[in-house]
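Each ligand, and each atom within it, is numbered from 1 in the order the structure gives.
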Amino acid sequence: MLRVDKSGYYGDYGGRFVPETLMPALMELETAFNKCWKDRKFRAELDSLLRDYSGRPTPLYHAQNLSSRWGAQVFLKREDLNHTGAHKINNTLGQALLAKYLGKKRIIAETGAGQHGTATAAACALMGLRCVVYMGKIDAERQHPNLLRMRMLGAEVIEIDQGTGTLKEATTAAIQDWVTNVRNTHYIIGSTVGPHPFPEIVRKFQSVIGRETKKQIKNQAGRLPDYIVACVGGGSNSIGIFDAFLKDTDVHLIGVESAGEGLSSGKHAATLKKGSPGVLHGSLSYLLQDRDGQILLTETVSAGLDYPGVGPVHSFLKDQQRVKYNTVTDREAVAAFGELCRFEGIIPALESSFALAHARKISRKANRKTIVIVNLSGRGDKDLESISHYEKNRR
Ligand SMILES: *Cc1c(COP(=O)(O)O)cnc(C)c1O
């Protein structure tokens, strides 16, 4: 059902839209990854890091207080309990190991919310790799605690002042760095985006989420869930949990984008809902663009969802209609954030709160037996400033 072809396309989407100088590195990476993914020793080393360093398997938690309020049986896949506080570490541990295998001693990364930068900095500290992280200046302000964490972990953080000062410009800067330093540098992309083979590498490293979830829900509920809901920025936590269920067509898979202040306001980050196919950061996928192909500004309370592109695999799954993509406004997400805090004692990431808010809508219309799994992609300590800022401005 989901296969990537030799040139890196999922159906019509993906590919490798990069300067010629990067092609050898992408080829080398593809060969190395395919070899490592099949290599018992590599997988054993990765599995032991995921277990002992990051704390996997993460629990699948039956949120009974939310369930009785919302109507359906709500389960949370607790990716927030990973080391560094989000699912991002699943991928950075894998790619840092891969870099070591490739003999590359310098790592670069781009970061939006700072979660990927932090997870990259941690993996590099662990494996003795030099680490440079590009971050938009606005994001660096919005997510100051993560900036401090990255520096504490030994990473050099370069703030990018151009354009919107968010993930789009940070990614452009990282690609430029890679073009210049490709011989000694591995670029750890943080989501299922970028030129082939990155989307495929990130999908495979994140697929552990869905494999665990499948086992856990069978054990705990005796059957597969009715719905799995995950937020979509670039698309890594969502494909990570969806991947193991793609062939289980009775399981509804739902990706949730940010509708920001509302889809009609123009201030949102609903790439799949409102975008059209085009090329950004090395691959062809849905993106938010005007009629001349200029990238549109995104706007949402959640730094981790503030990206005008999306992974090619999601464009494919949207066209196939295997995954449904919906949107939730900032206001709805902040409300769901508050409910999880107060009724379960869990502070979720703002990004994950978009998935929660949609799960709430589904649960309200469902019956008591319906099982809804939400991928709780991260924890929300980093977002406390953003939330109080948001609430102050609304008053
Ligand atoms: C980065 C991030 C996201 C968005 O990225 P995806 O690649 O779409 O998963 C979502 N939640 C958290 C907690 C994040 O850190």
Donor-acceptor contacts under 3.5 Å from residues 38-47 side chains, at least two apart:
from  : atom 1 : to    : atom 2 : distance (Å)
Asp39 : OD2    : Phe42 : N      : 3.1
Arg43 : NH1    : Trp37 : O      : 2.8

Which of the atoms of ligand 1 are close to [X], meaning less than 4.0 Å from one of its heavy atoms?
X      : answer
Ser236 : 6 (P), 7 (O), 8 (O), 9 (O)
Ser191 : 6 (P), 7 (O)
Ala349 : 13 (C)
Gly233 : 8 (O)
Gln115 : 15 (O)
Cys231 : 10 (C)

Is there a polar contact between ligand 1 and [X], counting only N or O atoms under 3.5 Å apart?
X      : answer
Gly190 : no
Lys382 : no
Ser352 : no

Item to complete: For residues Gln206 and Asn91, report the shortest heavy-atom separation together with the two atoms involved.
Response: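 That closest heavy-atom pairing would be NE2-CB, 3.6 Å.
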
Worksheet item: Where is the tightest heavy-atom contact between Leu76 and Leu340, given as atom of each residue plus distance?
Response: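 Heavy-atom minimum between the residues: CD1-CD1, 3.9 Å.
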
Worksheet item: For atom 12 (C) of ligand 1, which of Ser377, Gly378, Ala355 has the closest heavy atom?
Response: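 Result: the heavy atom closest to atom 12 (C) of ligand 1 is in Ser377.
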
Worksheet item: Using the benzene-type ring in the case of Trp, are the ring centres of Tyr325 and Tyr286 under 6.0 Å apart?
Response: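 They do not qualify: ring centres at least 6.0 Å apart.
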
If you measure from each heavy atom of [X] to ligand 1, is any distance below 4.0 Å?
X      : result
Ser238 : no
Gln206 : no
His116 : no
Ala113 : no

Practice prompt. Take the angle between the ring planes of Trp178 and Phe198 and call it parallel below 30°, perpendicular above 60°, tilted in between.
Written response: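 Trp178 and Phe198: perpendicular rings.
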
For [atom], what's the nearest protein heavy-atom neighbour? Residue, atom name and distance, please.
atom                    : answer
atom 4 (C) of ligand 1  : Gly304 O, 3.5 Å
atom 1 (C) of ligand 1  : Lys88 NZ, 1.5 Å
atom 10 (C) of ligand 1 : Glu351 CB, 3.4 Å

Discussion item. Working to the nearest 0.5 angstrom, can you tell me the gap between Lys382 NZ and His144 NE2?
Written reply: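 Here the rounded value is 15.5 Å.
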
Worksheet item: Can you tell me how far CG of Asp383 sits from CD1 of Ile387, rounded to the nearest 0.5 angstrom?
Response: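 Here the rounded value is 6.0 Å.
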
Practice prompt. Please determine if Lys214 forms a cation-pi arrangement with Phe245, meaning its NZ or CZ atom is less than 6.0 Å from the six-membered ring centre and no more than 45° off the ring axis.
Written response: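 Pair Lys214/Phe245 counts as cation-pi.
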
Worksheet item: Just checking, Arg3 and Tyr10: is the charged tip under 6.0 Å from the six-membered ring centre and within 45° of the axis?
Response: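 No - Arg3 does not lie over the ring of Tyr10 by the 6.0 Å and 45° rule.
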
Practice prompt. Quick one: do Phe75 and Gln220 satisfy side-chain contact (heavy atoms from CB on, under 4.5 Å)? Show the steps, please.
Written response: CA-CA 10 Å; Phe75 288 77; Gln220 294 175 38; 3.7 Å; yes

Worksheet item: Which one holds for Glu79 and ligand 1: side chain close, backbone close, both close, or neither close, with close meaning a heavy atom under 4.0 Å?
Response: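 Glu79 to ligand 1: no contact under 4.0 Å from either part.
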
Worksheet item: Between the side chains of Ser238 and His314, does any donor sit under 3.5 Å from an acceptor?
Response: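 Yes, His314 and Ser238 have a side-chain donor paired with an acceptor closer than 3.5 Å.
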
